[in-house]
Novice: 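I'd like to ask some things about the structure below.
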Amino acid sequence: MGAQIRVYKRRIKSVTATKKITKAMEMIAASRIVKAQRQVAASTPYASELTRAVTAVATGSNAKHALTTEVENPVRAAVLLVTSDRGLAGGYSSNAIKAAEQLTERLRAEGKDVVTYIVGRKGVAYYGFRERPVVESWTGFTDSPAYADAKRIAGPLIEAVQRDTAEGGVDELHIVFTEFVSMMTQTPVDNRLLPLSLTATPEETEAAQGRILPLYEFEPSVEGVLDALLPRYVESRIYNALLQAAASEHAARRRAMKSATDNAEELIKSLKRLANAARQADITQEISEIVGGASALADATAGSDK
């Protein structure tokens, strides 16, 4: 019995140490979410307004540009997958990878060849283990991305869009990331960055009815304006996606660590109950042995007196 109690004590000590770690990680993730949320709130209006400006330029002209022109028969598409560098975040990275695979299957079903770009060590490890080709990858900044990181990612993607498909270029650019909805909800989404969709929403269409559309004059030219806006548009959208993914990663890690901490507390309670039961059984056994020994001694003493 004593050995069993020692085993329970060792397990309680081990689980308590694990609980301290998970609790600390939960608090760290909770503190980082606030900063990530502020960054998302600050970057989203800029990305939205820049997209609106590009849409206005594209709809106000008839110029053909890689940013806005749909290819009649697209043959190759690029997919940028955003995952995390670290684990212990529940199903955060696996859900994003699953969304990217679904998008890849859909694009291939449309007859397009798919090339993959990856952000985050988890995605790189997943594709590397399965020996799947990756054009380029970036790691080391997923929990706190900077605009310079988005700019570094956007460079090769813009070059691929501007190149002809015969030279390894792509006709479309898609991004898969986890959108931060709330502290409890993070949703993997896939968006097409290029060519830019110029389809108006029902609200915009209704607002435009009965209005005189403006005429635009571009200097030095429409192509020059679009060439200048193209990298800014791609960089801002990728940066916003990185920030959304970072906030989602911290929220998922906080939720996972809270669940781990709660499970550790329940396990400690269960182990303590078992240890107490073993201790009580040990005490009961000792009492029984003492009583039995005393009874045997009394019987022996009574026999000797006779």
Side-chain angles (χ1 to χ4, degrees), residues 1-40 82-99 119-126 128-129 139-145 177-188 242-294:
M1 279 296 185
Q4 189 176 11
I5 293 174
R6 286 194 295 271
V7 170
Y8 286 137
K9 286 184 177 179
R10 281 198 300 269
R11 290 192 63 188
I12 290 172
K13 185 177 180 180
S14 175
V15 175
T16 302
T18 302
K19 174 189 169 185
K20 291 179 180 178
I21 295 173
T22 57
K23 185 64 175 179
M25 294 185 67
E26 177 190 347
M27 295 175 66
I28 292 171
S31 65
R32 290 179 176 176
I33 291 174
V34 178
K35 179 181 177 182
Q37 283 181 295
R38 287 200 299 263
Q39 289 179 321
V40 170
V82 181
T83 62
S84 65
D85 286 323
R86 298 185 295 123
L88 300 177
Y92 166 76
S93 291
S94 61
N95 290 336
I97 292 171
K98 188 183 298 183
V119 176
R121 292 190 179 95
K122 290 299 178 180
V124 172
Y126 179 89
F129 180 77
T139 60
F141 55 83
T142 59
D143 59 344
S144 183
F177 65 99
T178 306
E179 183 180 19
F180 181 83
V181 180
S182 66
M183 293 289 288
M184 298 302 297
T185 306
Q186 300 85 42
T187 308
L242 292 176
L243 293 177
Q244 295 263 7
S248 299
E249 178 184 349
H250 294 316
R253 183 169 291 112
R254 175 186 175 275
R255 189 167 60 252
M257 291 301 98
K258 186 179 186 308
S259 177
T261 302
D262 294 342
N263 291 337
E265 289 179 352
E266 291 298 323
L267 182 56
I268 290 171
K269 291 178 182 178
S270 177
L271 290 172
K272 284 183 177 179
R273 283 194 296 266
L274 292 173
N276 290 335
R279 187 180 299 107
Q280 289 173 358
D282 197 10
I283 293 172
T284 302
Q285 183 178 355
E286 290 179 359
I287 293 174
S288 299
E289 290 174 355
I290 292 172
V291 171

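Hydrogens, waters and symmetry mates are skipped; everything else that's a heavy atom, side chains included, is used. This chain uses plain numbering: 1 for the first residue, then up along the sequence.
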Novice: Between Lys122 and Asp85, does the salt bridge (Lys or Arg N to Asp or Glu O under 4.0 Å) criterion hold? Intermediate values first, please.
Specialist: CA-CA 6 Å; Lys122 290 299 178 180; Asp85 286 323; over 6 Å; no
Novice: Output the distance between atom CG (Leu271) and atom CG (Asn276), rounded to the nearest 0.5 Å.
Specialist: 11.0 Å
Novice: For Asp262, what residues pass the side chain to side chain contact (heavy atoms under 4.5 Å, CB included) criterion, not counting sequence neighbours?
Specialist: Lys258, Glu265
Novice: To the nearest 0.5 angstrom, please state how far the CG atom of Leu267 sits from the NZ atom of Lys269.
Specialist: 11.5 Å
Novice: For residues Val181 and Gln186, determine if any side-chain heavy atom of one lies less than 4.5 Å from a side-chain heavy atom of the other.
Specialist: no
Novice: Hey, is the main chain of Ser182 close enough, under 3.5 Å, to the side chain of Thr185 for a donor-acceptor pair?
Specialist: no
Novice: Please find the pair of heavy atoms, one from Ala99 and one from Pro188, that lie closest to each other, and give the distance.
Specialist: CB-CB, 3.9 Å
Novice: Start with the C-alpha gap between Met25 and Arg253, add the side-chain angles, then the distance that decides, and say whether side-chain contact (heavy atoms from CB on, under 4.5 Å) holds.
Specialist: CA-CA 8 Å; Met25 294 185 67; Arg253 183 169 291 112; 4.2 Å; yes
Novice: Minimum heavy-atom separation for Leu243 to Pro145, with atom names?
Specialist: CD2-CG, 3.8 Å
Novice: Taking all heavy atoms of Ala89 and all of Glu249, pick out the closest pair and write down the distance.
Specialist: CB-O, 4.2 Å
Novice: So do the side chains of Leu242 and Val82 get within less than 4.5 Å of each other, counting heavy atoms only?
Specialist: yes
Novice: Answer yes or no: is there a donor N or O on one side and an acceptor on the other, between the side chain of Thr284 and the main chain of Gln280, under 3.5 Å?
Specialist: yes
Novice: With rounding to the nearest 0.5 angstrom, report the CZ to CG distance, Arg86 to Leu88.
Specialist: 8.0 Å
Novice: Does atom CE (Met27) have a neighbourhood of more than 12 heavy atoms from anything else shown, all under 6.0 Å?
Specialist: no
Novice: So Phe180 and Gln37, do their side chains get closer than 4.5 Å, heavy atoms only?
Specialist: yes
Novice: Examine the side chains of Arg279 and Gln4 and answer whether a donor and an acceptor come within less than 3.5 Å of each other.
Specialist: no
Novice: Determine the minimum heavy-atom distance between Ala96 and Thr178, stating which atoms define it.
Specialist: CB-OG1, 4.0 Å
Novice: Provide the closest heavy-atom pair for Ser94 versus Gly91 in the form atom of the first, atom of the second, distance.
Specialist: OG-O, 3.1 Å
Novice: Mark yes or no for whether Ser259, through its side chain, and Ala256, through its backbone, hold a donor-acceptor pair below 3.5 Å.
Specialist: no
Novice: Work out which heavy atom in Ala246 is nearest to a heavy atom in Asp143; give both atom names and the distance.
Specialist: CB-O, 4.0 Å
Novice: So, taking the atom named CG in Asn263 and the one named CD1 in Ile268, what distance separates them when rounded to the nearest 0.5 Å?
Specialist: 11.0 Å
Novice: Heavy atoms, side chains only, cut-off 4.5 Å: are Arg32 and Lys35 in contact?
Specialist: no
Novice: How many angstroms lie between CZ in Arg255 and CD1 in Ile33, if you round to the nearest 0.5 Å?
Specialist: 9.0 Å
Novice: Any side-chain heavy-atom pair from Val119 and Phe141 closer than 4.5 angstrom?
Specialist: yes
Novice: Quick one: does Tyr92's side chain have a donor or acceptor within less than 3.5 Å of a partner on Gly87's backbone?
Specialist: no
Novice: So, Ser270 side chain and Glu266 main chain: donor-acceptor pair closer than 3.5 Å or not?
Specialist: no
Novice: So, taking the atom named CZ in Arg254 and the one named CE in Met183, what distance separates them when rounded to the nearest 0.5 Å?
Specialist: 4.5 Å
Novice: Please indicate whether Arg11 has more than 12 foreign heavy atoms, meaning atoms of other residues, nucleotides or ligands, lying under 6.0 Å from its CZ.
Specialist: no
Novice: Compute whether any side-chain donor of one residue and acceptor of the other, for Thr142 and Ser84, lie under 3.5 angstrom apart.
Specialist: no
